[in-house]
Amino acid sequence: MDINSIHHIAIIASNYEVSKKFYANILGFEIIRENYRKDRDSYKLDLKIGNSEIELFSMPNAPKRPSYPEACGLRHLAFCVKNIEEVIKELNKKGIETEPIRIDEYTNRKFTFFSDPDGLPLELHE
């Protein structure tokens, strides 16, 4: 089997405009394309992150994501960064709260978590 990378990750937003601003303006992901899907009364925004993409969807009346206790399924998204302290400073300046930096006990790498507007856990990993 020749699977060699992740092409995209799909996220459903409760407030499309707020999440669009978060991922494009605050995190700085490049907008590739934005489409309104009339038959679903929803938007689909494709964002570039490195060699992968995030598909940001709006879905009318989508249920909230179960979080605490954690449910089975996708747990969080992790973004690789070169300097975690610098990225944390940038996020904090933009009003995004981050957890304290921790050290992964298996890799000895620094990591921390923050959340998107819908509470989706996002990780920074150095």
Side-chain angles (χ1 to χ4, degrees):
M1 202 176 311
D2 186 21
I3 299 172
N4 56 26
S5 68
I6 294 174
H7 180 269
H8 70 268
I9 296 163
I11 298 171
I12 298 172
S14 66
N15 184 318
Y16 177 73
E17 290 302 325
V18 168
S19 290
K20 177 182 174 181
K21 179 181 174 187
F22 177 81
Y23 284 99
N25 298 351
I26 294 175
L27 296 185
F29 299 161
E30 176 189 343
I31 295 175
I32 301 168
R33 71 190 70 78
E34 181 175 30
N35 295 295
Y36 178 71
R37 302 173 322 158
K38 187 176 180 178
D39 59 322
R40 296 182 183 203
D41 188 27
S42 72
Y43 283 90
K44 178 181 179 280
L45 180 69
D46 296 322
L47 299 155
K48 182 170 180 50
I49 172 173
N51 293 324
S52 299
E53 297 178 16
I54 289 179
E55 292 180 340
L56 181 66
F57 291 93
S58 66
M59 295 283 189
N61 305 311
K64 287 207 174 276
R65 176 187 188 277
S67 194
Y68 298 102
E70 290 183 318
C72 288
L74 182 65
R75 187 173 186 189
H76 63 264
L77 304 180
F79 303 117
C80 185
V81 298
K82 289 182 182 176
N83 186 320
I84 198 166
E85 288 88 355
E86 288 299 315
V87 175
I88 288 170
K89 278 186 208 174
E90 286 183 55
L91 288 172
N92 294 163
K93 281 182 189 175
K94 294 177 179 183
I96 306 300
E97 293 182 30
T98 54
E99 294 180 4
I101 293 174
R102 295 182 269 168
I103 304 295
D104 184 306
E105 64 183 284
Y106 302 108
T107 65
N108 290 319
R109 303 273 184 161
K110 297 177 189 176
F111 71 99
T112 190
F113 283 91
F114 63 107
S115 297
D116 86 347
D118 286 305
L120 176 66
L122 302 174
E123 178 182 348
L124 300 176
H125 199 275
E126 193 175 77

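Worth saying up front: this structure is predicted, and the values here are computed from it rather than measured.
Residues meeting the side chain to side chain contact (heavy atoms under 4.5 Å, CB included) test with Asp104, sequence neighbours left out: Tyr106, Thr107, Phe111, His125.
Transitive grouping of hydrophobic side chains (ILVMFWY, heavy atoms separated by less than 4.5 Å) brings Leu124 and Leu74 into a common cluster. Under the 4.5 Å side-chain heavy-atom criterion for grouping Ile, Leu, Val, Met, Phe, Trp and Tyr, Ile84 is connected to Ile26 within one hydrophobic cluster.
Under the 3.5 Å distance criterion, the side-chain polar atoms of Ser58 are left unmatched by any main-chain donor or acceptor of Ser42.
With a 6.0 Å radius and a threshold of 12 heavy atoms from other residues, nucleotides or ligands, Asn61 has its CG atom at or below the threshold. Counting heavy atoms of neighbouring residues, nucleotides and ligands inside a 6.0 Å radius, atom NZ of Lys21 does not exceed 12 of them. Arg37 CZ: more than 12 foreign heavy atoms inside a 6.0 Å radius.
Using a 4.5 Å cut-off on side-chain heavy atoms (C-beta onward), Tyr23 and Leu122 make contact. Ile11 places a side-chain heavy atom less than 4.5 Å from the side chain of Leu77.
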Asn25 and Lys94: CA distance, side-chain angles, deciding distance, side-chain contact (heavy atoms from CB on, under 4.5 Å) verdict | CA-CA 10 Å; Asn25 298 351; Lys94 294 177 179 183; over 6 Å; no
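In summary, Glu90 and Lys93 do not engage in a salt bridge, as defined by a charged side-chain N under 4.0 Å from a carboxylate O.
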Which side-chain N or O atoms in residues 29-36 pair as donor and acceptor under 3.5 Å with protein atoms at least two apart or in another chain?
| from | atom 1 | to | atom 2 | distance (Å) |
| --- | --- | --- | --- | --- |
| Arg33 | NH1 | Asp46 | OD2 | 2.6 |
| Glu34 | OE1 | Lys20 | NZ | 3.2 |
| Glu34 | OE2 | Tyr16 | OH | 2.6 |
| Glu34 | OE2 | Lys20 | NZ | 3.1 |
| Tyr36 | OH | Asp41 | OD1 | 2.6 |

Only pairs under 3.5 Å count here: list side-chain donor-acceptor contacts from residues 1-9, not counting sequence neighbours, and write none if there are none.
| from | atom 1 | to | atom 2 | distance (Å) |
| --- | --- | --- | --- | --- |
| His8 | NE2 | Glu55 | OE1 | 3.3 |

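Nearest heavy atom pair, residue Ala24 against residue Leu47, reads CB-CD2, 4.3 Å. Considering all non-hydrogen atoms of both residues, His76 and Pro121 come closest at CB-O, 3.2 Å.
Once rounded to the nearest 0.5 Å, the distance linking CD of Glu53 with CG of Leu45 reads 10.5 Å. Within the model, atoms CD1 of Ile88 and OG1 of Thr98 stand 4.5 Å from one another, a figure rounded to the nearest 0.5 Å. Note that CG of Asp116 and CG of Leu27 are 9.0 Å apart. Values are rounded to the nearest 0.5 Å.
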